Each structure stands twice: as structure tokens, then as C-alpha cells.
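Okay, structure first, notes after.
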2 protein chains.
Amino acid sequence: MGKQMTEMLKGTLEGIVLAVLTGNPAYGYEITTLLRAQGFPDIAEGTVYALLVRIEQKGLVDVEKRPSEKGPPRKVYTLNAQGKKELDEFWNTWSFLSERLEELRKGGK
Amino acid sequence: MGKQMTEMLKGTLEGIVLAVLTGNPAYGYEITTLLRAQGFPDIAEGTVYALLVRIEQKGLVDVEKRPSEKGPPRKVYTLNAQGKKELDEFWNTWSFLSERLEELRKGGK
DNA sequence: ACTGGTAGCTAGTAACACTGAGTAGTGGAG
DNA sequence: CTCCACTACTCAGTGTTACTAGCTACCAGT
């Protein structure tokens, strides 16, 4: 993946995953394939799992273990209240940055 | 500054500075105050200088030393051809990410 | 002499995504 | 029955980045 993209994902990937989790609980493998399907560049599996561990430790999601028809049991992540709050903040931060960037792009001849 | 913003700036701050440099050469101190004036959160001076060193080593800018009326000589940075190319790539990456995020925001019920 | 504004620089730290590997469980093809 | 593909998760190590918290240095005004 491009180095630029890699760096730009820092700080946004977490928000992306939280956004994906909004309304529909999901497990790691599912999220990874979902992101790839939605056009996101090749997200490494390891990256997603590490991120999930992080947001779990931050208490942004609830975790439930469910048996799978295929393979080992899944860890299903559900966005909780604190996670929603974090997601709101994420959108605020994103909007701010996005607006500034758009201004720069216009002004930058 | 917010931790979220800090992480989100990773990868974008370089593009921001390159964009600022488009059309008008500037020196470090100037860029710092400019960014702050343009509404960007408290960018640390040290951050800007470190970034300038980086883009200089990458060969994205030309540097010229000019005496200042006030204080030590200024290092004026000018965007060169390679820098413009990098900036174009930055906008591409940014656009891609931005579109995906907007979709997520809408779809995110 | 001293303060404040200008201008640049540096070492150390924390956070994050990636790489590349590994461990398991299940079901189907041969 | 064995091998392989898919599912699902885990982990150690790496590179990049922005921040913190300082420092040096020059000049003008008080």
C-alpha cells in the first residue's frame, strides 16, 4: 500500500471501523473483508485485529463470543454508548480537518 | 491538542504544508503562525521544523537563506517540481479517503 | 541589563499501521 | 483419510509521524 495512505489512515482507521460498526455488530474477519469490499486499500488483517483489541481496551465496544459454522468461534464487536460518543468526536475532528483542507485546495491555485 | 487530531494529522500535515507552500515560498516560523491563523489547532513549532527538514531531505523543496531584519536568518522554502508531484499525489490520496468517509457517514444511519 | 519577539534546532516519547509470521478449527476435493 | 482452502485470531518487530520540552541565537525597546 502507498506510504502516503498508510500514514493518512493513522487516526482515521479507528473512526472508520467505529463507523462500520454503527448499527451492525461484526467480527474481525468480517470487518476486514468489508473494508476491502468498500474500496479501502489493502488493509492488513493484523492491523484490524490490533485495532479491535485497542478499542476493546478503551471500552468503546462490547464483545460477545459466538460459535461459527466455519472455523473457530467469532468475537462479535458491538458499539456501545462510549463508542458512539467517540465516533461523534471523530466526525467532528474529521469535519474540521476536511473543511480546512478544502479551503487550502481552493486557495492553492 | 486532542489526541484524535494529533493522530489524524499524521500523513496530512505534510500535505498541508506543501499546499501552503504552493505559490508562496515561506520559512518555518512564518508557516507555523500561518497555520495557527488559518484555524489549525496548536501546531507545535518543533513539529513544523522537523517536517521541513524531512521534506527538504526528500527533495520536495528548494531552500534559500535570507537575512532577516529581526532575528537570525530565515530559511525560505520553495516548492519545486518534485514537491508539486508529491502534492498532487497527496490530493489524490486525500480525495479517495474523503469520498470513502463521506459514504460511511451517510450510510452510517 | 533585561525582556520579549523573531527564528531555528534537537533528543526523547507515544501512537499507530504494517510486515510476516504463527496457531487453530472446519469442510470439501482428491 | 489426507491435503488444502477458508475462517478466525494472535503476536513480535519495524518505520513513520507529531508532540513535549527544552535549547541557541539575533535584535529592538525599556
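Nothing here was measured: the structure is a model prediction, and the numbers come from that model. The analysis underlying the following values was restricted to heavy atoms, covering all of them including side chains, and did not include hydrogens, waters or symmetry mates.
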Query raised in the report: Considering only side-chain heavy atoms of B/P72, which listed nucleotide, C/dT6, C/dA15, C/dA17, is closest?
Result: C/dT6
Query raised in the report: Hey, does the side chain of B/T6 come within less than 4.0 Å of D/dA18's phosphate (OP1/OP2), counting only N and O?
Result: no
Using distance only, find each side-chain donor-acceptor pair of residues 46-56 of chain A under 3.5 Å and give its atom names and separation, not counting sequence neighbours.
{"from": "A/Y49", "atom 1": "OH", "to": "A/Y29", "atom 2": "N", "distance (Å)": "3.3"}

Report task. State whether B/Y49 places a side-chain N or O below 4.0 Å from either non-bridging phosphate oxygen (OP1 or OP2) of C/dG8. Result -> yes
Requested in this report: Just say parallel, tilted or perpendicular for the rings of B/W94 and A/W94, cut-offs at 30° and 60°.
Outcome: parallel
Query raised in the report: When all nucleic acid strands are considered with a 4.0 Å heavy-atom cut-off, which category describes A/E45: base, sugar-phosphate, or nothing?
Result: base
Report task. Answer with base, sugar-phosphate or nothing: what part of the nucleic acid does A/G28 contact at a heavy-atom distance below 4.0 Å? Result -> sugar-phosphate
Report task. Examine the base of C/dA15 for any acceptor or donor lying under 3.5 Å from a partner atom in the side chain of B/K10, and report the outcome as yes or no. Result -> yes
Requested in this report: Would you write the dot-bracket representation of DNA chain C, where each base gets (, ), [, ], | or . depending on whether it forms a Watson-Crick or G-U pair under 3.5 Å and with which partner?
Outcome: ||||||||||||||||||||||||||||||
Query raised in the report: Under 4.0 Å between a side-chain N/O of A/K75 and OP1 or OP2 of D/dT10, yes or no?
Result: yes
Query raised in the report: Which part of the nucleic acid, if any, lies within reach of B/L13 when heavy atoms closer than 4.0 Å are counted: base, sugar-phosphate only, or nothing?
Result: sugar-phosphate
Query raised in the report: Closer than 4.0 Å, any side-chain N/O of B/K3 to the OP1 or OP2 of D/dA18?
Result: no
Report task. Could you check B/R54 against A/R74 and say which one's nearest nucleotide on DNA chain D is further toward the 5' end? Result -> A/R74
Query raised in the report: Below 4.0 angstrom from OP1 or OP2 of D/dC6, is there any side-chain N or O of A/Y29?
Result: no
Report task. Let me see the working for B/E45 and B/T32 under side chain to side chain donor-acceptor pair (under 3.5 Å), right down to the final yes or no. Result -> CA-CA 6 Å; B/E45 276 189 50; B/T32 306; 5.7 Å; no
